2 protein chains.
Amino acid sequence: MKYQLDQDRELSAQIAEEIRSAIINGKLIVNERLPAESELCERFNVSRSTVREALKRLAAQNLTRTQRGATGGAFVNRLSYEDAYRQHITTSTLLISMNEVSFETACEARFALERSCIPLAAERRQPDHLAAMRAEIHRQAQPGLSDEVFCDSDVTFHRALVDAAGNPVISYQLAGAVEAMQPLMNMITFTERDRAKIILLHTQIADALEARDAFKTETTLGALAAYTLELARNVTARHVEKVAPPEKT
Amino acid sequence: MKYQLDQDRELSAQIAEEIRSAIINGKLIVNERLPAESELCERFNVSRSTVREALKRLAAQNLTRTQRGATGGAFVNRLSYEDAYRQHITTSTLLISMNEVSFETACEARFALERSCIPLAAERRQPDHLAAMRAEIHRQAQPGLSDEVFCDSDVTFHRALVDAAGNPVISYQLAGAVEAMQPLMNMITFTERDRAKIILLHTQIADALEARDAFKTETTLGALAAYTLELARNVTARHVEKVAPPEKT
DNA sequence: GGGTTTGCAATTGTCTGACAATTAAATGTC
DNA sequence: GACATTTAATTGTCAGACAATTGCAAACCC
């Protein structure tokens, strides 16, 4: 069981990779304790700092957790839905914001993906899902609501819709679409949008879902998508008016 | 600009969190250079080891990269689609394998999500997407193909279908569903499955997509989902036959 | 014997200082 | 000006030390 760390990549990265693949391949199982840092030093023949940097890399990915004390150490972490959610949302947010994704592309993706949960949601929605959606609609109708709170409520509404599908894997996967992109979309469109219209569409979605009418739900969600896209185009058009195009060469 | 690191959480985690939120909030922009380690030591009033552990945490999340040398340092990394893909697939794989997700739940999620790209794919599929799909179908039909290669080809086929939607955000989001779950599904069903039947369904999907018939494509994908589920149930049933249920108290 | 306290040992967290490796820029040489 | 050398800045790695935490067992007390 000797590890030869070959290349000129950083040692801590290689060691982290070694352990990471052991976890992914199931050689290390959940809650299993990794060797102590001092032991890893000997095994990989590196200093403790290097081992620690490797372990911190793993901890940053929620692959391990550490405890101090006599029976402490680094343990393989069970990746919880909550951690995975957060990670997925963060990654999605960064990906969108760092890669000049057009609003149309993001909007299209977001609604296409959300649509996928509707047949299941129509079949399985429970009273509490409907109640959550109606509660958010009610909140959205309150006068004097700040844009920020309205946006939060919007996200919560859609999350309830997704959760109504009763499939945690779908909820996790769609978190990246709904929670990461909805705020971005709201940020762009909030100046233009007609809350009454959005609330109406939300109500129609809730009604259709209550009636277990998947087709109507999909159609209405499509209308919401179209309206969002239209808003964005208005904002863009107005921008072009105001900001003169820079005349480079 | 003084940072007070309060609690008894690890310092390196707090520092990493500080920098991470600066990146997410846009206070640090892509390719911007972070202060040198020695400078961060002074700023946060900690030792260099601690700073380094923090930076390694960020590097593990692809948020930063480092270069050695005179003008080196840690730089805010542009999160590429490739990195995001890999991260998403790894997280999805771990989430499924560590949380006792039933096969039915995973299968349902996987096909529901893939379905969402079909209307767009039918509209936009290009000759190269179709060619890629047909190439994989051809591969799958070759005799003597190992299960592993067949599985790889299966994944590639579905990825081509997803990419045909021409939306990189959708491709990214669906990577978690297709690339993470398909291998798991194949692992379970490969003993039972009839390759000819799968190839037929793949062919029908490619044909329907070529004809830009979204409805037919969705129907056929649904049939593939149903067949996969049926296979899994057969395997489970056989398992129950062979393995006597353990009689614990 | 039973419960409590104390001390010990293992382990991670942090600090300090040193040197190696790398790299771009400055400097020197022809 | 072109090329070689030196220098300085920066990260990567190592070694050793001490602090903080924590489970456990031994000692102790009643």
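This structure is a prediction, so every number in the text was calculated from the model and none was measured. In what follows, chains are A, B, ... by sequence order, proteins preceding strands, each numbered from 1.
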Between the protein and nucleotides 15-18 of chain D, list the N/O to N/O atom pairs that are separated by less than 3.5 angstrom.
{"residue": "D:dA17", "atom": "N6", "partner": "A:Arg48", "partner atom": "NH1", "Å": "3.4"}

Base-pair string, DNA chain D, Watson-Crick plus G-U, cut-off 3.5 Å on both distances, | for inter-strand, is ||||||||||||||||||||||||||||||
Among residues 50-63 of chain A, which residues get a heavy atom nearer than 4.0 Å to DNA chain C?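 Result for residues 50-63 of chain A: A:Arg52, A:Lys56, sorted by number.
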Write down the distance between CZ (A:Phe75) and P (D:dT22), rounded to a whole number of angstrom.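 It is 12 Å, rounded to the nearest whole Å.
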What's the separation between atom [atom1] in [X] and atom [atom2] in [Y], rounded to the nearest 0.5 Å?
| X | Y | atom1 | atom2 | answer |
| --- | --- | --- | --- | --- |
| B:Thr50 | B:Leu55 | OG1 | CG | 11.0 Å |
| B:Ser146 | B:Asp152 | OG | CG | 8.0 Å |
| A:His158 | A:Met181 | NE2 | CE | 13.0 Å |
| A:Arg65 | A:Phe75 | CZ | CZ | 6.5 Å |

Salt bridge present between [X] and [Y] (N-O < 4.0 angstrom):
| X | Y | result |
| --- | --- | --- |
| B:Lys56 | B:Glu53 | no |
| A:Glu114 | A:Arg110 | yes |
| B:Glu10 | B:Arg57 | yes |

Reading DNA chain C in the 5' to 3' direction, which nucleotide is the first one with an atom under 4.0 Å from a heavy atom of chain B, and which is the last?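 Extent of the interface on DNA chain C: C:dG13 to C:dA24.
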Salt bridge (charged side-chain N to carboxylate O under 4.0 Å, His left out) pairs, two or more places apart, involving residues 155-174 of chain B: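 Output for this query lists B:Arg159-B:Glu179.
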Mutual orientation of the aromatic rings belonging to B:His88 and B:Tyr172 [parallel < 30°, tilted 30-60°, perpendicular > 60°]: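 Rings of B:His88 and B:Tyr172: tilted, 30 to 60°.
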Taking the side chain as everything from C-beta on, heavy atoms only, tell me whether A:Leu58 gets closer than 4.5 Å to A:Asn77.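 A side-chain contact is absent here, since even the closest heavy-atom pair is not under 4.5 Å.
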Kindly say whether B:Met98 contributes a backbone atom to a donor-acceptor pair with the side chain of A:Arg78 at under 3.5 angstrom?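 It does hold such a pair.
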Would you name the heavy atoms of A:Gly166 and A:Arg124 that are closest together and state the gap between them?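 Closest heavy-atom pair between A:Gly166 and A:Arg124: O-NH1, 3.9 Å.
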Taking all heavy atoms of B:Val169 and all of A:Ile96, pick out the closest pair and write down the distance.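 For B:Val169 and A:Ile96, the tightest heavy-atom pair comes out as CG2-CD1, 4.0 Å.
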Would A:Tyr81 and B:Val101 count as a side-chain contact (heavy atoms from CB on, under 4.5 Å) here? Give the steps. CA-CA 11 Å; A:Tyr81 273 100; B:Val101 175; 3.4 Å; yes
In 5'-to-3' order, the base (B), backbone-only (S) or no-contact (-) status of each nucleotide in nucleotides 23-28 of chain D, using a 4.0 angstrom heavy-atom cut-off, is B-----
Does any donor atom in the side chain of B:Thr91 or A:Gln87 lie under 3.5 Å from an acceptor atom in the other side chain?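 Note: B:Thr91 and A:Gln87 side chains meet the donor-acceptor criterion.
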Any base atoms under 4.0 Å from B:Arg65, or only sugar-phosphate, or nothing? Heavy atoms, all strands.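 No contact at all - B:Arg65 keeps every heavy atom at 4.0 Å or more from the nucleic acid.
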